[in-house]
Amino acid sequence: MLGSIKHASQGMILQMQKQDQIANNLANVNTIGFKSSSLFAEQVERYMNNPNHEVLPERTLKADQVFIDYREGTPIQTGNTFDLMIKGSGFFTVMTNEGIRYTRDGSFQTDSDGFLIDGNGGRVFGEDGFIRIEQTRGNVSILDDGKVMQDGQEIDTLRISDFNKPYRLTRMGNNYFRPLQPDNPVVRSDGFVIKQGYLESSNVDNIKMMVDMIAAHRNYDMISKAIQSEDSTLEKTVNQVGRL
């Protein structure tokens with residue numbers, strides 16, 4: 001009986017963790033290039049698929065890891081020169097205060113020195129270093145293959161980094177990722193097209209998130225009632241044994 005209460009309480013914690021993931025997804029529904037996440041609970045799945053719902057005393061019901069959904073978001077046309085979207089596989093490469101990071105957020109601009117930067121001030125890498133736009137020259141165009149052109153002359157090519165799939169990346173905040181080291185090197189993208197004047201929307205599915213949130217709340221409530229029932233039964237058992 002105590003084991004049942006233990007595993008039920010673990011189930012409640014799992015539902016709380018699910019709610020945290022859902023809340024984070026909904027909070028970033030309008031964040032450019034954001035990738036939604038969910039919990040992967042293999043041990044819970046094994047328990048639920050067991051016809052007898054048998055749980056070994058030493059087994060802990062918990063989330064094994066956070067699963068990130070890397071599916072592409074919908075294109076948003078802005079018409080802005082430095083708004084860029086990767087159509088296909090790969091990430092923009094950015095230098096931050098914490099080192100090199102990777103992102104699908106292509107809402108860029110230039111700083112006072114002409115360097116291409118992201119919304120956090122990180123400089124965007126090209127194949128030959130940081131991309132710098134000559135402010136005294138004319139129009140800038142970014143080609144499908146990532147070549148940065150100004151007045152018809154090539155300045156550099158965007159460094160589009162990719163990793164072996166399935167991705168093993170860690171979310172770092174500010175819409176950045178970094179690879180799990182040391183055996184996850186940067187590789188050539190399977191294929192991409194750069195769309196200038198577009199941004200990639202978040203891939204969060206609002207309706208699915210709301211349905212998942214309701215389900216997690218109901219599961220939490222159901223488990224809570226089960227614990228109350230077990231606690232009541234345990235209390236009666238202890239009292240009856242005490243009188244005997």
Side-chain angles (χ1 to χ4, degrees), residues 24-25 27-36 68 70 72-163 167 169-181 184-189 191-204:
N24 185 59
N25 290 338
N28 286 280
V29 68
N30 293 317
T31 301
I32 297 301
F34 180 81
K35 302 303 177 187
S36 64
I68 300 175
Y70 292 99
E72 193 172 292
T74 303
I76 303 172
Q77 186 172 11
T78 67
N80 296 328
T81 300
F82 298 115
D83 282 348
L84 306 176
M85 174 182 174
I86 301 174
K87 187 72 175 174
S89 179
F91 300 82
F92 297 108
T93 311
V94 180
M95 175 59 77
T96 72
N97 293 332
E98 290 74 36
I100 297 176
R101 296 291 183 263
Y102 306 91
T103 183
R104 295 281 294 195
D105 183 352
S107 50
F108 301 137
Q109 57 188 306
T110 56
D111 64 13
S112 58
D113 295 319
F115 287 103
L116 193 65
I117 61 172
D118 68 2
N120 303 305
R123 290 183 175 179
V124 181
F125 275 100
E127 296 294 349
D128 298 324
F130 300 130
I131 295 177
R132 189 177 185 212
I133 306 300
E134 294 292 339
Q135 297 176 322
T136 58
R137 294 171 60 185
N139 293 334
V140 175
S141 60
I142 291 89
L143 305 184
D144 290 353
D145 60 0
K147 285 187 175 63
V148 182
M149 311 292 291
Q150 188 169 22
D151 287 342
Q153 296 182 350
E154 182 180 344
I155 296 175
D156 204 338
T157 301
L158 288 165
R159 185 186 297 182
I160 304 301
S161 301
D162 207 358
F163 304 89
Y167 287 136
L169 306 176
T170 300
R171 200 190 295 276
M172 298 301 296
N174 292 324
N175 225 359
Y176 293 134
F177 294 95
R178 71 170 176 82
L180 292 173
Q181 298 293 349
N184 195 13
V186 175
V187 299
R188 184 177 295 276
S189 170
F192 66 88
V193 171
I194 299 297
K195 295 178 67 69
Q196 184 180 19
Y198 288 82
L199 293 173
E200 179 184 357
S201 70
S202 164
N203 68 356
V204 175

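Everything quoted here is computed from the prediction, not taken from an experiment.
No side-chain donor-acceptor contact under 3.5 Å links Asp162 and Tyr102. Between Asp105 and Thr103, the side chains place no donor N or O within less than 3.5 Å of an acceptor N or O (distance only, hydrogens not considered). With 3.5 Å as the limit, one finds no donor-acceptor pair spanning the side chains of Ser202 and Thr31.
Here the side chain of Thr93 pairs a donor or acceptor atom with the backbone of Arg159 at under 3.5 angstrom. A donor-acceptor distance shorter than 3.5 angstrom exists from the side chain of Asp118 to the backbone of Asn120, with no hydrogens or angles considered. With Gln150 contributing its side chain and Gly138 its backbone, the two residues share a donor-acceptor pair below 3.5 Å. Looking only at distances, a side-chain donor or acceptor of Asp111 sits under 3.5 Å from a matching main-chain atom of Asp113. The backbone N or O of Glu127 sits less than 3.5 Å from a side-chain atom of Asp156, completing a donor-acceptor pair.
Looking only at side-chain heavy atoms (C-beta outward), Tyr167 and Ser89 come within less than 4.5 Å of each other. No side-chain heavy atom of Met85 sits under 4.5 Å from any side-chain heavy atom of Leu199. Val140 has its side chain out of reach of Met149: every pair of non-hydrogen atoms, C-beta onward, lies at least 4.5 Å apart. Residues Phe92 and Leu158 are in side-chain contact: their nearest non-hydrogen atoms beyond the backbone lie under 4.5 Å apart.
The aromatic rings of Phe177 and Tyr70 sit tilted, their planes meeting at an angle between 30° and 60°.
When all heavy atoms of Asn175 and Phe34 are compared, the closest pair comes out as OD1-CA, 3.7 Å. Closest approach of Thr78 and Tyr198 over heavy atoms only: OG1-N, 4.2 Å.
For Arg104, the salt bridge (charged side-chain N to carboxylate O under 4.0 Å, His left out) criterion is met by Glu72, Glu200, not counting sequence neighbours.
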